[in-house]
S.K.: 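Next up is a structure, given as structure tokens.
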Amino acid sequence: MNARSNAAVPLQRASRNRIRENSSAAQLLIHVFFVLACAACLVPLLLVAIVSLSDERSILANGYSFFPEAFSLDAYRYLLGDAQRLINAYGISILVTVVGTLTSLLISSMLAYPLSRKDFPQRNLLAFFVFFTILFNGGLVPWYLVYTNLFHMKDTLLALLVPNLLMNGFYILIMRTFFSTSIPDSLIESAQIDGAGEWRTFFRIVLPLSLPVLATIGLFTTLGYWNDWFNSLVFIYDTRLISLQYLMTKTLLSIQFLQSNTQNSNIGKLLSEMPTETVRMAMAIIGIGPIVLAYPFFQKYLVKGLTVGAVKG
Amino acid sequence: MPRTFVKYRSLWIMVLPGLIYLLINNYLPMFGTIIAFKDFNYTDGLWGSGWAGFKNFQFLFTTQDAYIITRNTLLYNAVFIVFNLAVALTVALLLNEIRKRFLQNVYQSVLLLPYLISFSIVGYLVYSFLSMEYGFINSGVLKKLGLPPISWYMEAKYWPFILVLVNAWKYIGYSSVIYLAAIAGINHEYYEAARIDGANRWKQMTRITLPLIRPVVIVMTLLLVGRIFYADFGLFYQVTMNTGILLPTTNVIDTYVYRALIQTGDIGMSSAAGLFQSVVGFLLVFSVNLLIRKVDRENALF
């Protein structure tokens, strides 16, 4: 990110060192500021994690605490006891995220690429067609009725895949910009002179050269699918189709939700034994896990992606 | 068939799935906005239901709701824009002052973490602090100070502050990364020249960094202003745990439309509010874009 010319390095190094000496107090202050800011970001997560590992009795006695009197794995043990529901929710989330992201990348790039071709006669018309969706929308009610009354997607997996998440006008415009600025026209021309058709050119030449933008948009789409609970909230009533995020939403709003739908027959016994407060927080930790664990690996791409999105190419 | 169509038919086939999707997901609902002018019921469907004229709008605007949701949406967004801009810009400028690249990256990554976390989880995080019986603030702070506990989820007056804080927590990392990228893009020769002229860090920041990233700041802000009529549904639904008693300070247009549609089934009122939002939103985006074009042609949307 810091593009510095090589010629300037000696001068820079000298002056930078001087600055460091001059303002070590200021540097220290800045570091203190950031340590506090980072703590503010992490502490809530830490609290939830600690509560999930606490003994229920110490929570009932002292409330949520960073230093509980006793630790216990009861909450996780309880959740594992009825793992079916969790595994199902994980499965739905993973399936929807993978299928959704791949489909989205495919149809978005197939729309964006012709828009980037300067010789394609209808490119401006189509660009406007895409672009207008960013400006104006019909609102929630007609959108809801289109999917429920016209396409009958209520309580189907398609309701988690298709509405809103599949395509985004902004992403298409970003892709188009990337295609038109980073893929030389001459490359496409020479491929076609060599006898490659449009599809071959697109899949064999354009897409492989576009990995940076595909990775960026793919990352955002993945996050969109993985974190989505709104489509579930609006379209899903069938408990078999509950995704992980929606399961968490329902559990937060009512811990009874976890209990009431267990296949276990001795519900009364379970209810009395369930460590309610710690189970709630264990649920959050299980839901947050994948993102936090994967974060270090894609952090670098995320920052690049944000920058691409902001600069708009 | 015209020759150009034949020549480009592969490209036409390529764009087809995407176009059909936009047609279904975006354009059909636009035509559906006539529901706002209908006396809609499910049995007769969109075409069978009778016309209501402006009655839905009349009902909406004669209730107290219209005022509250409009005020809340506008005020929250206005405060979010100003507060987040101030903090994110400060964070970006300070991050840029850090000389150790490694630490700079660490801070940046940690600050960006909340951006990835879904609002379902954010709801839990807030609950762990604010729960009446066990929440950290009541049992870990107020109790130790000998103060009575506060029923956070029962009193509307606290929520403007809570929501501003939560919104900042989630989004400041994101904006500061963008500002930092803009700062990193500034040509280093400006700073070298300034140093030779004897400018200190403060002077460099106020005379070079800030003026040069001004266009990015203005564009980012104007984009948010264009969306000022839309609220973050997750923030207002999940973080408040959909608590009815908090509605005076937490109901926004988006949550109102959702509740009217799903919970109370009032389709007429709901679509009237939705259309009101879309039209005002459109006018705002449109005029904001005119402004951006004046400020910085390159960054205009269209």
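Reminder, nothing fancy here: chain letters follow the sequence lines and each chain counts from 1. Heavy atoms only: backbone and side chains are in, while hydrogens, waters and symmetry mates are out.
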S.K.: Quick check on Asp228(A) against chain B: is it the side chain, the backbone, both or neither that has a heavy atom closer than 4.5 Å?
M.R.: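 Neither part; nothing is under 4.5 Å.
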S.K.: Check salt bridge (Lys or Arg N to Asp or Glu O under 4.0 Å) between Arg123(A) and all other residues, then give those that pass, not counting sequence neighbours.
M.R.: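 Not a single residue meets the salt bridge (Lys or Arg N to Asp or Glu O under 4.0 Å) criterion with Arg123(A).
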S.K.: Less than 4.5 Å apart, any side-chain heavy atom of Tyr107(B) and any of His31(A)?
M.R.: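 They are in contact (side-chain heavy atoms under 4.5 Å apart), so the answer is yes.
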S.K.: To the nearest 0.5 Å, what is the distance between CG (Leu252(A)) and OG (Ser120(B))?
M.R.: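 Interatomic distance, Leu252(A) CG to Ser120(B) OG, rounded to 0.5 Å: 9.0 Å.
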S.K.: For a quick test of reading the model, state the closest non-hydrogen atom pair linking Tyr124(B) to Met248(A) and the distance between them.
M.R.: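 So the minimum-distance heavy-atom pair works out to OH-O, 2.8 Å.
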S.K.: Counting heavy-atom pairs closer than 4.5 Å to chain B, which one of Met281(A), Met167(A), Gln122(A) comes out on top?
M.R.: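 The residue among Met281(A), Met167(A), Gln122(A) with the greatest pair count is Met167(A).
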S.K.: Is a side-chain donor or acceptor of Asn227(A) paired with a backbone partner of Leu116(B) at a separation under 3.5 angstrom?
M.R.: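 Here the side-chain-to-backbone pair exists.
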S.K.: Taking all non-hydrogen atoms of both residues into account, name the closest pair between Gly138(A) and Ser278(B) and its distance.
M.R.: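 For Gly138(A) and Ser278(B), the tightest heavy-atom pair comes out as C-OG, 4.0 Å.
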S.K.: Tell me if a side-chain donor or acceptor on Trp143(A) pairs with a main-chain N or O of Met30(B) at a distance below 3.5 Å.
M.R.: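 Flag not set: sc Trp143(A) to bb Met30(B) has no pair under 3.5 Å.
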S.K.: Would you say Asn25(B) and Asn164(A) are linked by a side-chain donor-acceptor pair, where the criterion is simply a distance under 3.5 Å?
M.R.: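 Per modelled atom types, Asn164(A) and Asn25(B) side chains form a pair under 3.5 Å.
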S.K.: Given the options Ile172(B), Leu284(B), Ile262(B), which has more heavy-atom pairs under 4.5 Å with chain A than any of the others?
M.R.: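 Highest number of heavy-atom pairs under 4.5 Å: Ile262(B).
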S.K.: Can you tell which of Leu106(A), Val51(A), Val48(A) has the highest number of heavy-atom pairs within less than 4.5 Å of chain B?
M.R.: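 It is Val48(A).
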S.K.: Which answer fits Lys170(B), side chain, backbone, both or neither, if we ask what part of it has an atom under 4.5 Å from a heavy atom of chain A?
M.R.: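 Neither the backbone nor the side chain of Lys170(B) comes within 4.5 Å of chain A.
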S.K.: At a heavy-atom separation under 4.5 Å, does Ser108(A) approach chain B through its side chain, its backbone, both, or neither?
M.R.: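 Neither part; nothing is under 4.5 Å.
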S.K.: So which of Ile288(A), Asn62(A), Val292(A) has the biggest tally of heavy-atom pairs under 4.5 Å with chain B?
M.R.: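 Most pairs with chain B among the choices: Ile288(A).
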S.K.: By a 4.5 Å heavy-atom criterion (distance strictly below it), what part of Tyr230(B) contacts chain A: side chain, backbone, both, or neither?
M.R.: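 Only the side chain of Tyr230(B) comes within 4.5 Å of chain A.
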S.K.: Given the options Leu113(B), Ile35(B), Thr33(B), Leu28(B), which has more heavy-atom pairs under 4.5 Å with chain A than any of the others?
M.R.: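 Of the options given, most contacts go to Leu113(B).
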S.K.: Hey, what do you get for CD (Gln108(B)) to SG (Cys38(A)), rounding to the nearest 0.5 Å?
M.R.: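 So the gap between those two atoms works out to 10.5 Å.
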S.K.: Please find the pair of heavy atoms, one from Gly234(B) and one from Trp229(A), that lie closest to each other, and give the distance.
M.R.: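 For Gly234(B) and Trp229(A), the tightest heavy-atom pair comes out as CA-CZ2, 3.4 Å.
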S.K.: List the steps and the verdict of side-chain contact (heavy atoms from CB on, under 4.5 Å) for Phe282(B) and Phe132(A).
M.R.: CA-CA 10 Å; Phe282(B) 171 72; Phe132(A) 192 69; 4.0 Å; yes
S.K.: Of the backbone (N, CA, C, O) and the side chain (C-beta and beyond), which part of Tyr144(A) lies under 4.5 Å from a heavy atom of chain B, both, or neither?
M.R.: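 Just its side chain gets close to chain B.
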S.K.: Please evaluate residues Phe34(A) and Leu103(B) with respect to the criterion side-chain contact (heavy atoms from CB on, under 4.5 Å), reporting the C-alpha separation (whole Å), side-chain torsions for both, the decisive distance (0.1 Å), and the verdict.
M.R.: CA-CA 10 Å; Phe34(A) 278 109; Leu103(B) 282 177; over 6 Å; no
S.K.: Considering non-hydrogen atoms only, spot the tightest contact between Ile59(A) and Tyr134(B) and give its length.
M.R.: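 Heavy atoms of Ile59(A) and Tyr134(B) come nearest at O-CD2, 3.5 Å.
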S.K.: Give the minimum heavy-atom separation between Ser139(B) and Gly63(A), together with the two atoms involved.
M.R.: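 Reported closest heavy-atom pair: OG-CA, 3.4 Å.
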S.K.: Sort Leu302(A) into side chain, backbone, both or neither according to what part of it lies under 4.5 angstrom from a heavy atom of chain B.
M.R.: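 The answer is the side chain of Leu302(A).
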S.K.: CG of Leu253(A) to CE of Met241(B): how many Å apart, nearest 0.5 Å?
M.R.: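 Here the interatomic distance stands at 5.5 Å.
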S.K.: Measuring heavy-atom distances to chain A, does Leu19(B) have an atom under 4.5 Å in its side chain, in its backbone, in both, or in neither?
M.R.: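 For Leu19(B), heavy atoms of backbone and side chain both lie under 4.5 Å from chain A.
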S.K.: Answer with side chain, backbone, both or neither: which region of Leu47(A) has an atom nearer than 4.5 Å to a non-hydrogen atom of chain B?
M.R.: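 Contact with chain B: side chain only.
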S.K.: Using a cut-off of under 4.5 Å for heavy-atom pairs, which of Asp254(B), Leu22(B), Ile13(B), Asn200(B) has the most such pairs with chain A?
M.R.: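 Winner by heavy-atom pair count: Leu22(B).
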S.K.: Answer with side chain, backbone, both or neither: which region of Ala61(A) has an atom nearer than 4.5 Å to a non-hydrogen atom of chain B?
M.R.: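 When you check distances to chain B, only backbone atoms of Ala61(A) fall under 4.5 Å.
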S.K.: Tyr64(A) side chain to Tyr127(B) main-chain N or O, any donor-acceptor pair under 3.5 Å?
M.R.: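 It does not hold such a pair.
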S.K.: Can you say whether Leu166(A) sits under 4.5 Å from chain B via the side chain, the backbone, both, or neither, judging by heavy atoms?
M.R.: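 Both the backbone and the side chain of Leu166(A) come within 4.5 Å of chain B.
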S.K.: Hey, mind stepping through Tyr295(A) and Ser109(B) against side-chain contact (heavy atoms from CB on, under 4.5 Å) and telling me if it holds?
M.R.: CA-CA 9 Å; Tyr295(A) 185 48; Ser109(B) 311; 4.0 Å; yes
S.K.: Side chain, backbone, both or neither: which part of Ile98(B) has a non-hydrogen atom closer than 4.5 Å to chain A?
M.R.: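 Looking at Ile98(B), backbone and side chain both touch chain A.
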S.K.: Considering only heavy atoms and a distance below 4.5 Å, find which of Leu42(A), Leu45(A), Val35(A) pairs most often with chain B.
M.R.: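 With the most close heavy-atom pairs to chain B, the winner is Leu45(A).
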S.K.: Among Val110(B), Asn26(B), Val126(B), Leu11(B), single out the residue with the greatest number of heavy-atom pairs under 4.5 Å to chain A.
M.R.: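 Greatest number of close heavy-atom pairs with chain A: Leu11(B).
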S.K.: Please report the closest heavy-atom contact between Gln27(A) and Glu97(B), naming both atoms and the distance.
M.R.: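 Nearest pair, atom of Gln27(A) first, then Glu97(B): NE2-O, 2.8 Å.
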S.K.: Please tell me whether Tyr27(B) and Phe129(A) form a close aromatic pair, meaning their ring centres lie under 6.0 Å apart.
M.R.: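 For Tyr27(B) and Phe129(A), the ring centres are under 6.0 Å apart.
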S.K.: Can you tell which of Phe233(B), Phe31(B), Tyr174(B) has the highest number of heavy-atom pairs within less than 4.5 Å of chain A?
M.R.: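 Highest number of heavy-atom pairs under 4.5 Å: Phe233(B).
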S.K.: Measuring only between side-chain heavy atoms, which start at C-beta, is Trp12(B) closer than 4.5 Å to Phe120(A)?
M.R.: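 Result yes, sub-4.5 Å side-chain heavy-atom pair found.
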S.K.: Going by the rule side-chain hydrogen bond (donor to acceptor under 3.5 Å, both in side chains), which residues pair with Tyr225(A) if we only count those two or more places apart in sequence or in a different chain?
M.R.: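 Listed in chain order: nothing, the list is empty.
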S.K.: Given a strict heavy-atom distance threshold of 4.5 Å, which part of Gln299(A) is in contact with chain B: side chain, backbone, both, or neither?
M.R.: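 For Gln299(A), side-chain heavy atoms alone lie under 4.5 Å from chain B.
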S.K.: Is it the side chain or the backbone of Leu115(A) that comes within 4.5 Å of chain B heavy atoms, both, or neither?
M.R.: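 The answer is neither part of Leu115(A).
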S.K.: Hey, which of Phe129(B), Phe276(B), Tyr191(B) has the most heavy atom pairs under 4.5 Å with chain A?
M.R.: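 Of Phe129(B), Phe276(B), Tyr191(B), Phe129(B) has the most heavy-atom pairs under 4.5 Å with chain A.
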S.K.: Just wondering, are more than 12 heavy atoms of other shown residues or ligands nearer than 6.0 Å to OH in Tyr237(A)?
M.R.: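 Yes, enclosed.
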S.K.: What part of Phe298(A) lies closer than 4.5 angstrom to a heavy atom of chain B: side chain, backbone, both or neither?
M.R.: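 Contact with chain B is through the side chain of Phe298(A) alone.
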S.K.: Below 4.5 Å from any heavy atom of chain B, which atoms of Leu165(A) appear? Answer side chain, backbone, both or neither.
M.R.: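 For Leu165(A), the contact with chain B is made by the backbone alone.
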S.K.: Pick from Asn149(A), Ile285(A), Leu233(A): which one has the most heavy-atom pairs with chain B under 4.5 Å?
M.R.: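 Highest number of heavy-atom pairs under 4.5 Å: Leu233(A).
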S.K.: Should Leu111(A) and Tyr21(B) be marked as a side-chain contact (heavy atoms from CB on, under 4.5 Å) after you check the CA-CA gap, both sets of side-chain angles, and the distance that decides it?
M.R.: CA-CA 11 Å; Leu111(A) 178 53; Tyr21(B) 178 75; over 6 Å; no
S.K.: Please rank Leu126(A), Ile291(A), Ile107(A) by heavy-atom pairs under 4.5 Å with chain B and give me the top one.
M.R.: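 That would be Leu126(A).
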S.K.: I need the Ile24(B) CD1 to Leu150(A) CG distance, nearest 0.5 Å.
M.R.: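 The distance works out to 8.5 Å.
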S.K.: Taking the six-membered ring for Trp, are Phe66(A) and Phe136(B) ring centroids under 6.0 Å apart?
M.R.: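 That pair passes the under 6.0 Å test.
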